[in-house]
Amino acid sequence: MHSRFSSKKTTNFESFEMAIAKKENGIQQKRTQRMPSVRQVQDLFKALLAFVLAFSFIFSTWNSWVQPRSLPSVILVTIVLTPGGKTVGNFLDSSVLLLACIAFSSVIWAFTQAVAGESYTAMASILFIIVYFFSTLRAINPARFFVPALITPLLTFTAITSVVGVTGPNTTNNQLFDSNFLVSTIKAYLIGIAICLSVNVLVFPDFASRHLNAHFVSTVKKISSLLNSTLGAMSGSENTEELRDAGIAQRNAYVISIHASLAIIETTIRQASAEVSYSHYSIKDYTQLLKRCKGVVAILCSINTSIKSETSQKLMASTEFLEQITPSMKDSWMSLGTCCESIFEEIQTKFENAGSKKKTTTNLDAEAALVETVLNTARNATEALQAFERHRPNEFLDIFSDLHDYKGLTAEQIESWDKLTHVTFHILAAKELVNSLNQLHSDVYRSTGNKLQIRLHFAHYLPGFIFVLFAPKLVNPRVTVFRPTIGARLTALKNVFLSSPSIFGLKLSTAMLCFLMVLYTQPVIFQQWSMSGAFVSILVAISPSLGQTYLSLPIQIVATTLGSSIAYGGVCAFGRDGAYGLTGFAALLGVPFYFLMLSNIQFLVLGLLTLLSFSNFVVLSFINRANPRAVSPDVSLYRGVAVTSIALSFSLIFTLVLYPTLARNALRQRLFEIFGDFRNYHGKIVTSALRAPENMSLEDSDIKDTRDNILSQLASLEPLMTFAAIEPRLAGKFQSAKYRAVILHMRTFLDRLEALRVSSGDAPFDSSVRKFLNFGLLGEARTEMQQTVRILMHIFASSMLTKQKLPSLPDASKVRNKLFQAFITIIMNHAHHVYPVETDPLADMPYDKEGVLATLNTEKWLRLLSFSASARDGVFKIFLKTPCSLISCQTK
């Protein structure tokens, strides 16, 4: 029954996700068919303007500011650092990072030529180190370090080609250190950055800080809709199977949309931190508000996952729930929903007002009315929560047998207790939800008033290690901090060196050494065939995973051939120095390719390489316009296409032969790490609830940060899934559906653990509860449960790395039932006077039925009942589903 029901729900959810994906694809196709928006037109205009200004500089008399051989760098910067489609913060972040890389590369240039210029081996070693370091950074964070990983090795390689003598004559009295060439190259890069910066800031500027309030408003509306749907389900409005399935599908849609919105807000906050803004909130405020929103969403997701479970579905379809529990609690649920909706409306209003740049005058009457509204809302929410305790749903469930005829637990009683724990969790989760909403509401109003301030965040541009070095070190005399041994440090260093990003850096560095050998051994051919451009092609072609390389290789070949061919046609039509014709031709070419780059990330490489190959062909033809030894355009075309094709083919063969880095292996490694984080997250929750000092507050602990980190890691798995599906595989097609099933179960498990955290509350359990949980069979069952958790987590994590079949697993169902029955048995034995008074762990609880029911309805026992249900469902139900998916993934 359980397997059939679980399979049905999982299939429904997966089918729903597929429907959502198809719907989003359909919307995207409709968007592409419609006319572009105003913002898209503005971004396209900005990108074209920077591209045209760079060509205008090339063909103007101002090009004498730099040496002719440095002119391609101006175009290179305007293409890779295009101002279109970027917020001011995103562009400033990239620009500052690029300026830092240019400064660092200048030092490396000077050292390479002045110190190591007499030794080819020394220069090759420097290039190897530079490529390795920046390629590793690129593999760790491609979005942030792609441009630095391209520019810094390129400048180092240019320094080496200058020493070898294939980039033109020396301009510094034939000294090894060609300082004039270095200064000219720096000027070219700075001119390109200045063009892009001027266009990005002065022409249709798009500030990320302006979008934050709108994103928060949209997200809060979605959260409010999810809450209304959830409260509707708990109030009994979904009283048929069709309504329940429709409600689950609707809430799943909200969850997917909300997680996507939270990711957008997180990215926008990072971009806004690089800007100088004039706003009500600081970046610290926005970060705290995002954290509060994640807390509210996590609770709602845990409730949603609980509602979808088999036990909750049985509960909502039961006669007790529909005819007794629901009618008595419906008014309270509706009152709570009204209060929460009012809170959401106030939060939306405040964000909308914060989005306005106008200074508002203080209205004392309006402020007093607002304060009164807030107080009334909080008072109504509190009354609704207090009403839940008075309803006492345990009275409607058959959890007690006749006190005079007790012969042990019956199946009906166990089922009733199971239903009671879920109803209890819903009530307790509602309380936690109101608390989280009040915290969000308080932060929204406490962090701002009517003041608009200039926000400048210098910390964004500082390296992260500075904060680590100067962070205050907390000294705890009770805790002994052991310094890592030399062996531990060497082991950590070995693990870093053998990690996937490091392996990618080693591969790319080795490929660059092979390419450098061609320069050293055949400098004449290298210069005649203009092979310097192939350096960039190899840097771009070799990607951190084989799937990326396999996907981008045909696109790169088509893009470079297309760009060179179009440039050849332009040079033939307008001549090598046809300034107006070639500039206009560049503008026409930029329209479709910049539009593709800005509208769809999948066409980024196509547009980038097409524009680069076009500009390189045109600029080199312009530079050699007066050179009598320059080859004709058609010869340059076939040489360029041949060199690029050979370089890209070499990149693919090199990636396949030398330690191929497979995306599916990286995916399994990430899943292995997430399972470890699950183990830590569960351990922190249990430790804080049962072992922490009783007077300790858990509100500011790092438990929620661990949850948010796991959520971010799960969201980051999608690119690896895409690349893994593209990779060639001898054993058959990559089983995307199997891995997605595993990820889906992991998300469900995270919601279950959040339910466990919600049940534990913001303070540890007191000594009486701990005594009860450690008593007799219950203590043994709880210890066995925690051991089972650690074993299963270790097995699942290890199976991701070993690719072996799962061994025989502990009987999770048996341990689960043992724990739950021990929990109920102790309460029932107490009510029937089985234990002597001196050994009874529940001596403070009354013995009569009314007294026991009243005690179970107190805050402490509500938490304990909910904690029990969440522990069972979170730890075991997910494990009953997941192994089948894992076995399929690892053995096929």
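Computation of the quantities below employed the complete heavy-atom set of this structure, encompassing side-chain atoms and omitting hydrogens, waters and symmetry-equivalent molecules.
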Specify the closest pair of heavy atoms between [X] and [Y], including all atoms of both residues, with the distance to one decimal.
X: Thr583; Y: Ser56; answer: CG2-OG, 4.2 Å
X: Ala50; Y: Thr78; answer: O-CG2, 4.0 Å
X: Pro72; Y: Ile623; answer: CD-CD1, 4.2 Å
X: Pro153; Y: Val131; answer: CB-CG2, 3.8 Å
X: Leu609; Y: Ala559; answer: CB-CB, 3.7 Å
X: Val297; Y: Ile258; answer: CG2-CG2, 3.6 Å

Contact check, side chains of [X] and [Y], non-hydrogen atoms, under 4.5 Å:
X: Ser621; Y: Tyr568; value: no
X: Leu289; Y: Cys293; value: no
X: Glu266; Y: Ser712; value: yes
X: Leu611; Y: Ser615; value: no
X: Val217; Y: Ile347; value: no
X: Phe351; Y: Val444; value: yes

Which residue is it: Phe181, Phe157, Phe104, Phe177? I am looking for the one with a ring pair (Phe, Tyr, Trp, His ring centres under 6.0 Å) to Trp109.
Phe181

Exactly one of Thr167, Asn180, Thr171 clears side chain to side chain donor-acceptor pair (under 3.5 Å) with Gln67, and that residue is Thr171

Measure up the [X] and [Y] rings against each other and bin them: parallel (under 30°), tilted (30 to 60°), perpendicular (over 60°).
X: Phe45; Y: Phe204; result: perpendicular
X: Trp65; Y: Trp62; result: parallel
X: Phe614; Y: Phe585; result: tilted

Interatomic spacing from [atom1] in [X] to [atom2] in [Y] - rounded to 0.5 Å:
X: Thr112; Y: Ile126; atom1: OG1; atom2: CD1; answer: 4.0 Å
X: Thr158; Y: Arg69; atom1: OG1; atom2: CZ; answer: 10.0 Å
X: Asp708; Y: Leu290; atom1: CG; atom2: CG; answer: 8.0 Å
X: Arg625; Y: Asp577; atom1: CZ; atom2: CG; answer: 6.5 Å
X: Leu44; Y: Thr82; atom1: CG; atom2: OG1; answer: 9.5 Å
X: Ile130; Y: Ser105; atom1: CD1; atom2: OG; answer: 7.0 Å

Regarding [X] and [Y], do their side chains bring together a donor and an acceptor under 3.5 Å, going by distance alone?
X: Thr87; Y: Asp206; answer: no
X: Ser70; Y: Lys187; answer: no
X: Asp285; Y: Ser282; answer: yes
X: Asp443; Y: Tyr281; answer: no

Cation-pi geometry met for Arg210 and Phe207 (6.0 Å, 45°):
no

Side chain to side chain contact (heavy atoms under 4.5 Å, CB included) with Tyr286: which of Ile265, Ile269, Thr268?
Ile269

Given ring pair (Phe, Tyr, Trp, His ring centres under 6.0 Å), test Phe59 with Phe622 step by step and report yes or no.
CA-CA 8 Å; Phe59 293 119; Phe622 174 74; 5.0 Å; yes

Go through Val147 and Ser94 one step at a time and tell me if the side-chain contact (heavy atoms from CB on, under 4.5 Å) criterion holds.
CA-CA 8 Å; Val147 175; Ser94 302; 5.9 Å; no

Using ring centroids (six-membered ring only for Trp), state whether Tyr594 and Phe51 fall under 6.0 Å.
yes

Taking His441's backbone N and O only, do any of them form a donor-acceptor pair with Glu346's side chain (distance below 3.5 Å, no angle check)?
no

Could you tell me whether the side chain of Ser135 and the main chain of Tyr132 form a donor-acceptor pair under 3.5 Å?
no

Arg270 and Asp93: salt bridge (Lys or Arg N to Asp or Glu O under 4.0 Å), yes or no, with the steps?
CA-CA 9 Å; Arg270 286 197 298 267; Asp93 180 70; over 6 Å; no

Quick check on Lys221: does its NZ atom have over 12 non-hydrogen neighbours (other residues, nucleotides or ligands) under 6.0 Å away?
no

